[in-house]
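The structure under discussion appears below in the form of structure tokens.
Protein chains get the first letters and strands the later ones, always in sequence-line order, with residue 1 at the start of each. This is a predicted model, so every value here is computed, not measured.
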Amino acid sequence: MYGIFLINEAGETVASMGWENLEGDSALLGGFVSALQMFIKKISGNEINELQFGELKLLIGKAGDNYVVTLHAFNDADARAHNQEVIKFVIEQGDNIDDGVLNLVNEMITQETMSEDDKQKVRSGIRGMTDEAMTSMKEWGKKVF
Amino acid sequence: MEVYEIAYLFLGLATIVAAGTIINYSRKRSAATTDPELKAAFRPLYIFAIGMIVFGIGALLTYYELLIQVPWIQIPEVTNTYYYLLYYFTLGELFFFVVSGTMITKVRIIGVFMIIVLLIAFLLMFNAIIIIEAQRISSIAQNYIDFGYVLSMIILGFVAGLFTVIARDTKRSTSMALGFAMIVQVLAVPGLYNILPTDLIVAIAIFSLMGPAMITFAFLRPDQKISGELLGYGAAFAVPVFIIASLFTTGYISDITVVTIAISGAIAIMLTAGSASYSYGRWRETKQSPTALLMVSFASFSMGQMVGILGSIDIMDKGIAIYFDLVASSFALVLFAVFSVLAAGYRTTASLPLIIYLPAIIFTVSTYPDPISVAVIRWIYLVLPVMALFFIPVVIFFRVWRRMKAAGTAGRMRPLGLSIGLLVYILIRFPLMLVDFEPLDPSYGLISIAFFVLWLSTTGRLDRIRQ
């Protein structure tokens with residue numbers, strides 16, 4: 001998760017983290033999301049919940065009257081789950097949220113104990129070991145039975 | 001003592017015998033080769049067999065402690081410490097299994113992991129005993145022991161999985177039997193006995209007895225492919241053992257007549273279940289429908305005999321058991337009639353015995369719960385033709401034998417054996433069935449003679465004896 005933005009009903013960005021991954025002013029995002037949701041609601045009756053641009057995507061969810069916008073890599077498989085976790089956290093915390101809290105939330109949610117490479121190594125190690133064991137077992141079975 | 005407690009005696013003995021057959025098999029096979037690599041391949045099997053012997057000894061000692069009501073591992077003022085010794089013996093068994101499994105898989109890390117699991121299980125029991133010594137009763141201690149059982153089950157599951165994979169690959173009954181024995185031992189871990197109802201424990205005890213029996217049969221005939229035949233051989237051992245164990249719990253063990261009849265009856269079950277398994281094996285090879293009929297017929301005899309005896313010694317409802325036996329035994333005989341008609345080449349008339357039999361048995365069963373004698377007399381006009389049907393195979397097989405003898409054909413003892421066996425069965429079983437014996441009908445024991453002749457003839461042993 002690259003960024004979290006909390007936007008109130010008036011379109012103000014209440015708290016944010018990770019804006020450095022984008023360019024411009026974070027305050028503009030609040031106005032844009034709020035205006036976009038208003039427009040989409042007017043023409044379709046629904047709200048938009050995902051925006052994708054280049055290598056990034058924005059997930060937009062509602063936490064009470066506020067919008068929770070999270071920024072992810074376009075192929076992040078856990079994006080939806082992370083977005084939901086942030087929404088849950090914001091609902092629980094109410095108004096006591098600032099940039100520092102969002103940074104903490106991000107760390108809590110996306111904290112990886114192991115990098116993807118390491119995970120891959122463990123997986124292939126286990127697979128290799130199982131294959132070796134299976135081959136030995138079958139060879140032994142053929143010799144003995 | 002409960003049936004499953006007595007079963008430990010037989011489980012211990014059967015496990016040691018099974019280990020003996022594994023060692024014997026490994027010894028013969030490795031002696032037959034000069035290849036040192038192939039010789040070395042049998043080492044895991046030896047180690048596995050040692051593990052089984054350890055468990056067998058543990059089971060025997062457990063039987064002994066339950067018998068004398070004095071646990072081996074004693075804690076002052078705590079009485080219920082049975083099975084604690086078996087726990088340690090099981091861990092000993094598992095140690096050998098893990099070593100054997102690691103040698104087979106050649107992956108040391110699995111072995112190290114399993115040994116750590118074993119060590120934890122060992123410490124759990126050790127700590128549990130210390131807690132019990134301090135507090136007498138403790139749910140924490142019980143949790144420790146239960147968790148230890150779970151760890152044992154994990155290792156047994158690993159070994160079971162190992163042999164199942166090998167069985168799937170080699171299609172050999174030997175590895176299938178080893179896998180099955182490990183799976184049923186998972187079920188028979190004493191920890192489960194505290195939470196399961198008695199009926200289920202009894203069923204588990206029978207299954208766990210089947211394990212070593214299947215290993216023994218499989219390693220005595222190691223060239224067998226995976227087959228349900230092996231399950232039949234396992235049952236041929238487990239069910240009679242269960243009947244004998246039941247004599248202890250019901251108190252009939254002091255009645256020498258009942259014991260003699262029950263043991264002879266148990267032998268009869270072994271013979272019929274063995275014959276059924278043999279016929280199944282033959283049917284798998286030939287796919288001949290008369291052989292399948294023979295198999296069903298022997299299985300039916302076996303079931304009738306088992307339920308009949310269990311009912312008579314108060315393990316089941318006697319009334320239902322006797323009627324079940326009547327249906328199963330008569331059905332088996334009618335199938336024999338169908339079998340003989342088919343074997344004589346009359347395909348179209350082969351279903352005739354069944355058509356005559358079905359209404360007769362339905363009306364007879366409808367007389368339940370009156371005694372069998374009342375039922376037979378009430379429906380005598382239906383029963384008599386059925387009785388005549390029972391003699392069809394006797395006559396046909398006898399005529400076949402005479403014809404074969406005249407022609408000097410080989411294998412002629414088979415029809416003669418079938419004819420004599422069935423005649424002996426009918427003459428012993430049905431007249432005595434009409435008399436009410438308390439508690440056990442002696443014909444259950446006497447018919448083992450008939451089944452012995454049938455077994456000799458079905459498996460072709462009679463011809464070999466004649467030669």
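- Among residue pairs with one or both ends in residues 17-32 of chain B, none qualify as salt bridge (charged side-chain N to carboxylate O under 4.0 Å, His left out); sequence neighbours excluded.
- Within the 4.5 Å cutoff, no side-chain heavy atoms of P222(B) are placed close to those of F145(A).
- Within 6.0 Å of atom NZ in K41(A), 12 or fewer heavy atoms from other residues, nucleotides or ligands are found, so the atom counts as exposed in its surroundings.
- Crowding of F96(B) atom CZ: a count of heavy atoms from other residues, nucleotides or ligands under 6.0 Å exceeding 12.
- The candidate from V107(B), D35(B), I110(B), I109(B) with the greatest count of non-hydrogen atom pairs under 4.5 Å with chain A is V107(B).
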*Please lay out, stage by stage, how E37(B) and K143(A) fare under the test side chain to side chain contact (heavy atoms under 4.5 Å, CB included).*
CA-CA 10 Å; E37(B) 201 191 329; K143(A) 276 184 204 161; 3.1 Å; yes
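- Atom CZ of F42(B) has more than 12 neighbouring heavy atoms from other residues, nucleotides or ligands inside a 6.0 Å radius.
- For Y88(B), the OH atom sits in a packed shell: over 12 heavy atoms of surrounding residues, nucleotides or ligands are nearer than 6.0 Å.
- Residue-level contacts of residues 128-135 of chain A with chain B, in order of numbering, are M129(A), E132(A), A133(A), M134(A); threshold 4.5 Å between heavy atoms.
- Other residues, nucleotides and ligands contribute over 12 non-hydrogen atoms within 6.0 Å of the CZ atom of R80(A).
- Heavy-atom proximity under 4.5 angstrom to chain B picks out nothing from residues 42-59 of chain A.
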May I have the list of side-chain donor-acceptor pairs in residues 155-171 of chain B shorter than 3.5 Å, sequence neighbours left out?
unit_1, atom_1, unit_2, atom_2, d
T164(B), OG1, A160(B), O, 2.5
D169(B), OD2, K142(A), NZ, 3.0
T170(B), OG1, I166(B), O, 2.9
T170(B), OG1, R172(B), N, 3.4
K171(B), NZ, R168(B), O, 2.7

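- At distances below 3.5 Å, not a single donor-acceptor pair connects side-chain atoms of W140(A) with backbone N or O atoms of T105(B).
- Environment of OH in Y46(B): crowded, with over 12 heavy atoms of neighbouring residues, nucleotides or ligands closer than 6.0 Å.
- No more than 12 heavy atoms of other residues, nucleotides or ligands shown are found within 6.0 angstrom of CZ on F207(B).
- The neighbour count for R464(B) CZ, taken as heavy atoms of other residues, nucleotides or ligands under 6.0 Å away, is above 12.
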